[in-house]
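Convention: sequence-line order gives letters A, B, ...; per-chain numbering from 1. Any value given below was found using the heavy atoms of this structure, including those in side chains, with hydrogens, waters and symmetry copies removed.
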2 protein chains.
Amino acid sequence: MNLKQLALHLGLSQTTVSRALNGFPEVGERTRRRVLAAAEQFHYRPNASARKLATGRAGAIGVVFSSDRNLLLDPIFTDFLAGVAARSAESDTDVLVSSALGDEADTYRRLARAHSVDAVILSMPREEDPRVSLLHRLALPVVVHGRTESKLPYAHLDIDNEGAFRRATEMLADLGHRRIGLINGDTAFTFALHRERGWREALAARGFAVSAELGRAGQMTEESGYRFARLLLEFEAPPSALLCSSIFAALGAMRAIRDLGLAIGRDVSIVAHDDGLAAVRPETLTPALTTTFSSIRAAGARIAEIAAALAAGADPASLHEVWPVDIVFRGSTLPPPERAS
Amino acid sequence: MNLKQLALHLGLSQTTVSRALNGFPEVGERTRRRVLAAAEQFHYRPNASARKLATGRAGAIGVVFSSDRNLLLDPIFTDFLAGVAARSAESDTDVLVSSALGDEADTYRRLARAHSVDAVILSMPREEDPRVSLLHRLALPVVVHGRTESKLPYAHLDIDNEGAFRRATEMLADLGHRRIGLINGDTAFTFALHRERGWREALAARGFAVSAELGRAGQMTEESGYRFARLLLEFEAPPSALLCSSIFAALGAMRAIRDLGLAIGRDVSIVAHDDGLAAVRPETLTPALTTTFSSIRAAGARIAEIAAALAAGADPASLHEVWPVDIVFRGSTLPPPERAS
DNA sequence: CTGAAAGCGCTTACAG
DNA sequence: CTGAAAGCGCTTACAG
């Protein structure tokens, strides 16, 4: 059933039926009711492509993943996308997932020129991120999950990574820790840079030596968490506490602590960032893990809203949010052994 | 730049330009070259919606997630989607991700009536899955990741879950294990049923008692892996080996073994199914984990191909694949303690 | 409050 | 080998 047939059935023009369906105010109340009832009865749905062509709007937002960055292989992305998809469904917006085969820039060009999407979500931004200026040139609205140093007006939603890691470090310092290690994500990305800055500044503010060797960065897998933790803990003067940028890295770090015959909490404290993944819940581990927490699913949902606003013509300069991060204190953080007595 | 402008620039008709771009054979070689060069020069891309409207094909495949099933919250889904997206990009097909707000069936009806997609991928099927017959009624081609008992012709790609768990069980039996526990996914889903069947039949074939209490099913999280493992290991006659349906459940089971003061491998053997997630690699754990392995990313890629074939009109009855599963023997499986001496 | 008609940007019989 | 024209199914000035 298409619009023409529906209009014919109702004895109305396509114009009126279209207006009734789209909630235009000038349609008579009785007419609207009749139209809506018939549409319901025949399960009428406007053809998506036809509507897009006529309005010039794609009714979709895009999410692009570069294969080299392996973003899609990051398990937390599932949760992020769940948030995006759920909120987009509410506003009847499609979510287009594209994999960049070669150059990620090509993918954006394709999306822009084919008018496949009204806006895109950019994940894992870097401080200097060429994608932001590219999208600006392509006139494709973008909402960045995170932040860049770009001066261009772009919408973004970020969490306060710097504040979170500063406060976590301060909390450990308050417990008596002096040597606090950082197992971070790749500092090519802004989020990791911000976390490192929070950690570094908290240490400096207390007058602790900030030794570069205590900060390690890499992929946030169980394996690299293990490797970095072992490396740090085998120092002559090992850290008594570790800050981990992901729950997976924390699992690896916990394994390293155990493998060295040490006790988590009593010998080495751990704090990890938790994105709210259901597969591994910090509160159920042994011991329960202290975390900096922010739901990446909620971020995805809000980002979908921002993308929709952008698609509707909102000013990107007005769409900025930085969410605070909660710290949840649990059993994996104790005073360092020297002070525990 | 649109087709009209491009044609005008070339001094050709839209017809010829369109044909040249789409590789029709009747276009002159010189003409084709000119057209292609100009398209390249002006970065011409046909408007996706216009093309869809004209051809009647959406050029997209759909992936739907029901919120109640929380499929999107499953981290391995990221890898699956990575495979789908990468392969779809090669064939210039869009991947539409939809979240079912309320009824999943409504979402399929919407996709079908709005002609948003040419085919859909159905994940986490059940033995009796009403979605398959619904899609059949809606005339929306479907490729199932897994299997159902439906008699309707539907394309599918599955892995040999039954064979994998049968062989893993046999392998443990060959090592001398007599009590082998199963920590499974929710048996409402076919994959979990098949795994249970493989385990059960291998036990029966050896003449071992198949006690229902040794088989547990639930969410495949670290926490439920822990909970089930503890429960089984605290029996009077605990299992000496555990089969886990996911790497996350295995992590939990390993934690349970340690918490009980036992050694993984020496006291309790573990085998886990590995989907190839990068975040947690079984070969890097302590001890390295024996696994049944099948890349879910490769499955996603192949399923995208099948979906494309379906969209192009292939017969679903001819599109069936069941992939074998490798078993990779590592340090987490040893003979049971009674025999180890 | 309603309708006839043009137009969105393509593809594709049909004609030559 | 090439082109004029119709059509895909909507939306939206414009007219009444």
salt_bridge(B:D129, B:R126) N-O dist < 4.0 Å: no

Donor-acceptor side-chain pairing of A:R51 and A:N22 below 3.5 angstrom: yes

Sugar-phosphate, base or nothing in reach of B:S49, heavy atoms under 4.0 Å: nothing

Residue met sooner reading DNA chain C from 5', once B:F24 and B:A50 are mapped to nucleotides: B:A50

Sugar-phosphate only, base, or nothing, as touched by A:G28 at under 4.0 Å among non-hydrogen atoms: sugar-phosphate

Neighbour count above 12 (heavy atom, 6.0 Å) for B:E29 CD: yes

Ring centre gap for B:H145 and B:F80 strictly below 6.0 Å: yes

Paired nucleotide for C:dA13 [Watson-Crick or G-U wobble; both distances under 3.5 Å]: none

Separation of the C1' atoms in D:dG16 and D:dT12, to the nearest angstrom: 16 Å

Residues A:T93 and A:S91: side-chain donor-acceptor under 3.5 angstrom: yes

Nucleotide paired to C:dA4 in any strand shown, Watson-Crick or G-U, under 3.5 Å: none

Earlier contact from the 5' end, DNA chain D, for A:N2 and A:R19: A:N2

Touch class at under 4.0 angstrom, heavy-atom based, for A:T55 against every strand present: sugar-phosphate

First of B:T16 and A:N47 reached from the 5' end of DNA chain D, by closest nucleotide: B:T16

Segment of DNA chain D, first to last nucleotide, that comes within the 4.0 Å heavy-atom reach of chain B: D:dC1 to D:dG9

No-hydrogen, no-angle side-chain donor-acceptor test under 3.5 Å, B:S13 and B:T16: yes

Span that lies between the P atom of D:dA6 and that of D:dT2, in whole angstrom: 23 Å

